[in-house]
Amino acid sequence: MDTLADAKRIDIISDTHGYLSDELLAALEGADLIIHAGDMTSEADWDHLNTIAPIKAVLGNNDFYRDYGPGVPALNTFTYEGLSFAVAHYREELPVGTVDVAICGHTHRPKIVQLSKCLVINPGSPTYPRSARGNTMARLFVADGRVISADIIDL
């Protein structure tokens, strides 16, 4: 039986727009992987996040003049802990039917939805939220090819 103690923790953020708050940085401590769904808008923030955990990221509509290196495309697909992931800034660019977990940003509104066999996540924004919920991120616990839990975290 999978327990949270055996699981890997994936913290998901988007739309930080050049600002990493103390609350966000504290929440990210201990993550096994950070996923950033675009609009980071700061090479310094990219470097800082890499000191916390490995990152999988994509370019957002405000990142086109940034250089995070070749590992940050417009669509990032990868496998982690037996699950297939796709990350894009825009929901419309996600291959929802072909992956286990699809992650997007852009709207600054948090949402987790199960569409058939795919879990679709928008973490909202820890910097400029556009919902009454306020500053948010998302957190997954995964193990053995399964999502154990998926939650929106209020910062």
Side-chain angles (χ1 to χ4, degrees), residues 1-17 20 24-25 27-41 43 45-64 66-127 131 133 136-155:
M1 183 89 163
D2 294 322
T3 66
L4 288 183
D6 300 327
K8 296 287 187 183
R9 190 180 106 199
I10 303 170
D11 284 351
I12 305 166
I13 58 178
S14 186
D15 299 285
T16 51
H17 290 277
L20 303 175
L24 174 62
L25 292 171
L28 294 174
E29 283 298 325
D32 294 297
L33 177 68
I34 296 170
I35 296 175
H36 197 299
D39 280 357
M40 190 175 322
T41 72
E43 289 93 341
D45 288 357
W46 168 253
D47 292 340
H48 191 167
L49 291 171
N50 270 292
T51 68
I52 299 170
I55 305 175
K56 297 287 189 178
V58 295
L59 296 171
N61 58 301
N62 291 296
D63 286 320
F64 291 111
R66 307 290 173 181
D67 183 10
Y68 308 116
V72 184
L75 174 64
N76 196 339
T77 57
F78 58 94
T79 301
Y80 185 77
E81 292 296 308
L83 291 165
S84 58
F85 286 80
V87 185
H89 191 58
Y90 297 108
R91 162 66 181 85
E92 298 77 21
E93 295 176 356
L94 290 171
V96 171
T98 64
V99 295
D100 299 310
V101 181
I103 297 165
C104 62
H106 186 64
T107 66
H108 298 222
R109 291 179 177 91
K111 190 173 192 175
I112 298 176
V113 176
Q114 186 78 40
L115 295 177
S116 188
K117 295 180 181 180
C118 183
L119 186 63
V120 180
I121 301 169
N122 185 323
S125 173
T127 308
S131 76
R133 191 160 182 170
T136 58
M137 60 178 270
R139 179 168 289 155
L140 290 180
F141 283 95
V142 300
D144 299 323
R146 293 187 320 118
V147 174
I148 312 257
S149 67
D151 297 293
I152 298 297
I153 306 295
D154 297 311
L155 298 171

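Numbers here simply count residues along the sequence, with the first being 1.
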Report the distance from atom [atom1] of [X] to atom [atom2] of [Y], rounding to the nearest 0.5 Å.
{"X": "Ile112", "Y": "Arg139", "atom1": "CD1", "atom2": "CZ", "result": "11.5 Å"}
{"X": "Ile35", "Y": "Ile55", "atom1": "CD1", "atom2": "CD1", "result": "11.0 Å"}
{"X": "Trp46", "Y": "Thr51", "atom1": "CH2", "atom2": "OG1", "result": "12.0 Å"}
{"X": "Glu81", "Y": "Ile10", "atom1": "CD", "atom2": "CD1", "result": "7.5 Å"}

Pairing residues for [X] by the side chain to side chain contact (heavy atoms under 4.5 Å, CB included) criterion, not counting sequence neighbours:
{"X": "Leu28", "answer": "Asp11, Ile13, Leu24, Ile34, Leu49, Ile52, Met137"}
{"X": "His108", "answer": "Asp15, His17, Ser125, Tyr128, Arg130"}
{"X": "Thr79", "answer": "none"}
{"X": "Asp32", "answer": "Lys8, Arg9, Tyr80"}

If you look at every heavy atom in [X] and [Y], which pair is closest and at what distance?
{"X": "Pro95", "Y": "Leu75", "value": "CD-CD1, 4.1 Å"}
{"X": "Pro73", "Y": "Ala57", "value": "CD-O, 3.7 Å"}
{"X": "Ala37", "Y": "Val58", "value": "C-CG2, 3.6 Å"}
{"X": "Ser14", "Y": "Gly105", "value": "OG-CA, 3.3 Å"}
{"X": "Ala86", "Y": "Leu94", "value": "O-CD2, 3.6 Å"}
{"X": "Ile152", "Y": "Ala138", "value": "CD1-CB, 4.1 Å"}

Test item: [X] and [Y] side chains (from C-beta on) under 4.5 Å apart, heavy atoms:
{"X": "Val142", "Y": "Val101", "answer": "no"}
{"X": "Thr77", "Y": "Ser84", "answer": "no"}
{"X": "His89", "Y": "Leu59", "answer": "no"}
{"X": "Leu140", "Y": "Leu119", "answer": "yes"}
{"X": "His36", "Y": "Val87", "answer": "no"}
{"X": "Phe85", "Y": "Leu33", "answer": "no"}

**Expected output: side-chain Glu43 to main-chain Asp67 donor-acceptor under 3.5 Å** =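 Checked: pair present.
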**Partners meeting side-chain hydrogen bond (donor to acceptor under 3.5 Å, both in side chains) with Asn76 (sequence neighbours left out)** =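 Here no residue qualifies.
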**Prompt:** Can you name the one residue among Asn62, Asp39, Asn61 that meets side chain to side chain donor-acceptor pair (under 3.5 Å) with His106?
**Reply:**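 When side chain to side chain donor-acceptor pair (under 3.5 Å) is applied between His106 and each of Asn62, Asp39, Asn61, only Asn61 qualifies.
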**Prompt:** Just one of Asn50, Asp47, Asp63 clears the side chain to side chain donor-acceptor pair (under 3.5 Å) bar with Tyr68, so which one?
**Reply:**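 Of the listed options, the one satisfying the test is Asp63.
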**Message:** Checking Arg109 now: which residues fulfil salt bridge (charged side-chain N to carboxylate O under 4.0 Å, His left out) with it, not counting sequence neighbours?
**Reply:**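 In terms of salt bridge (charged side-chain N to carboxylate O under 4.0 Å, His left out), with neighbours along the sequence ignored, Arg109 is linked to no residue.
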**Message:** Less than 3.5 Å apart, any donor N or O on the side chain of Asp45 or Thr16 sitting next to an acceptor on the other?
**Reply:**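 Checked: Asp45/Thr16 side chains show no N/O donor-acceptor pair below 3.5 Å.
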